[in-house]
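Beneath this line is the structure, given in structure tokens, with notes to follow.
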Amino acid sequence: MKYRLSLMKIGIKNGFASKSALVFWLFSALISFIVQYFLWKAVLIGRPNAVFRQTVSYLLLMQLLTILFPKSSYTLNDKVRSGDIALDLLKPLAVRTQLLWESLGYSIAKFLVIGLVILVLYFWLLNFQVSLSAILMVVVAGCLAYFLYFELELILGTFSFYTYSIWGISTFKEAVLLVLAGNVFPANFYPDALKTLSSYLPFQYSFGAVGMLAETPSWSFFSQVVLIQILYLLLFSFVYKYLFKHAVTKTVVQGG
């Protein structure tokens, strides 16, 4: 556990080492919020103010998740291209464990600088009228969504052992998330067919399902979301182990 905490501290230090990047992300998030605020105010004209506030708060929560969630596929890709993966394979902890704890530390740094500001805006939009049970549901579902997205990133990252560049794969992933995850467009506005499709796929349970749970918290829906998240976590964990076991045999360290 001591080694894991050391990795988390490294992630936190890496986050605060690039303070200018964190400040840039903060201003980018605020600008994005302002744009979304006035855009949806025009789209939902004539609707009750509560609907507008709920929609914007949903998108703000999705923005928070997008900022905090790890980009482990790029980290793993960089390690493969630089050859550092060879050293990581020799360490006492598995590569996945190393990436997870460093990612957690980096996410903590981003939360302290950016996340707290977004949360204040989120609660302001809801007039600070949020029940403790709803907060608990969102926190639990959000943590599981974090791990689910992390596993998805790891699976994509394993392809770097073959391609040495996952830019195209990551671009395809972002396109899929754009359509099916509900992190850019509220899932409640989806056509019925697309809404049904996304409810069976894992992407929504990394983003949109958390937002829908925040909008309409209920223990039955919470249980459904958590159960599906856990099932996909187990599936992704198995898929990653299988892919990594075979991909690592293809490791080629370039350079001297």
Side-chain angles (χ1 to χ4, degrees), residues 4-39 56-85 87-88 95-125 139 142-143 145-157 159-160 164-178 181 183-184 203 206-207 210-211:
R4 291 175 172 83
L5 291 177
S6 297
L7 290 171
M8 181 183 287
K9 290 179 182 178
I10 291 173
I12 294 174
K13 289 180 180 179
N14 287 338
F16 285 116
S18 53
K19 294 179 182 178
S20 56
L22 291 177
V23 173
F24 175 77
W25 280 336
L26 175 58
F27 278 103
S28 297
L30 292 176
I31 292 172
S32 177
F33 166 71
I34 293 172
V35 171
Q36 289 178 335
Y37 185 91
F38 289 104
L39 174 64
V56 177
S57 64
Y58 170 95
L59 293 171
L60 194 59
L61 181 60
M62 294 301 99
Q63 189 175 67
L64 174 63
L65 296 182
T66 302
I67 291 172
L68 296 183
F69 281 6
K71 300 294 185 289
S72 304
S73 59
Y74 287 106
T75 304
L76 186 55
N77 183 62
D78 291 341
K79 288 179 178 291
V80 172
R81 295 183 66 180
S82 65
D84 291 341
I85 189 65
L87 298 176
D88 291 334
V95 172
R96 174 168 63 176
T97 305
Q98 297 174 45
L99 291 174
L100 174 61
W101 286 88
E102 286 188 27
S103 297
L104 285 171
Y106 198 72
S107 296
I108 289 173
K110 288 191 287 187
F111 177 77
L112 292 175
V113 176
I114 307 169
L116 291 177
V117 176
I118 293 179
L119 280 181
V120 170
L121 291 173
Y122 176 80
F123 288 119
W124 169 74
L125 283 168
V139 168
C143 290
Y146 183 97
F147 295 126
L148 180 59
Y149 189 81
F150 174 77
E151 293 289 343
L152 175 62
E153 283 282 301
L154 284 183
I155 291 173
L156 294 177
F159 289 99
S160 59
Y164 297 100
S165 176
I166 58 169
W167 179 83
I169 298 173
S170 295
T171 301
F172 176 74
K173 178 206 68 175
E174 295 297 333
V176 172
L177 291 177
L178 181 66
N183 61 334
V184 176
F203 312 107
S206 291
F207 289 98
V210 181

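What you are looking at is a predicted structure, and each value in this text was computed from that prediction instead of being measured. When reading the values below, keep in mind they use all heavy atoms of this one structure, side chains included, and skip hydrogens, waters and symmetry mates.
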Grab the two heavy atoms, one from Ser103 and one from Tyr146, that are nearest each other, plus how far apart they are. O-OH, 3.2 Å

Taking it one step at a time, do Leu99 and Phe150 satisfy side chain to side chain contact (heavy atoms under 4.5 Å, CB included)? CA-CA 9 Å; Leu99 291 174; Phe150 174 77; 4.1 Å; yes

Minimal heavy-atom distance between Leu156 and Lys173, with the atoms involved, is CD1-CD, 3.1 Å

I would like to know whether Leu104 and Leu100 meet side chain to side chain contact (heavy atoms under 4.5 Å, CB included); could you show each step before the answer? CA-CA 6 Å; Leu104 285 171; Leu100 174 61; 4.2 Å; yes

Result for side-chain contact (heavy atoms from CB on, under 4.5 Å) between Ile118 and one of Leu30, Ile67, Leu65 points to Ile67

Could you tell me which non-hydrogen atom of Leu59 sits nearest to which non-hydrogen atom of Gln36, and how far apart they are? CB-OE1, 3.8 Å

Side chain Ser170, main chain Trp167, donor-acceptor under 3.5 Å: no

In Å and rounded to the nearest 0.5 Å, what is the CG to CD distance from Leu148 to Glu151? 8.0 Å

Less than 4.5 Å apart, side chain to side chain, heavy atoms only: is that true for Tyr122 and Leu64? no

With a 4.5 Å limit on heavy-atom distance, are the side chains of Leu125 and Phe33 in contact? yes

Ignoring hydrogens and angles, tell me if any N or O in the side chain of Ser107 forms a donor-acceptor pair with the backbone of Leu68 under 3.5 Å. yes

Looking at every heavy atom in both Asn77 and Ser160, which two are closest together, and how far apart are they? OD1-CB, 3.0 Å

CG on Leu119 to CD1 on Ile114, rounded to 0.5 Å: 12.0 Å

Which residues pass the ring pair (Phe, Tyr, Trp, His ring centres under 6.0 Å) test with Phe207, sequence neighbours left out? Phe69, Tyr149

Which heavy atom of Ile166 sits nearest to which heavy atom of Gly157, and what is that distance? CD1-CA, 4.5 Å

Contact summary for Lys71 and Thr66, nearest pair of heavy atoms: NZ-O, 3.5 Å

Rounded to the nearest 0.5 Å, what's the gap from OG on Ser72 to CD on Glu102? Could you check? 9.5 Å

Got Val113 and Phe16 here, is their nearest side-chain heavy-atom distance under 4.5 Å? yes

Spatial distance of atom CD (Gln98) from atom CG (Leu87) [nearest 0.5 Å]: 10.0 Å

From OG (Ser57) to CZ (Phe123), nearest 0.5 Å: 10.5 Å

Is there a donor-acceptor pair closer than 3.5 Å between any side-chain N or O of Glu153 and the backbone N or O of Ser73? yes

Within this structure, what is the CG-CD1 distance for the pair Leu121 and Ile34, rounded to the nearest 0.5 Å? 9.0 Å

Taking the side chain as C-beta and beyond, is there a heavy-atom pair between Lys13 and Ile10 under 4.5 Å? no

Test item: Ile12 and Tyr106 side chains (from C-beta on) under 4.5 Å apart, heavy atoms: no

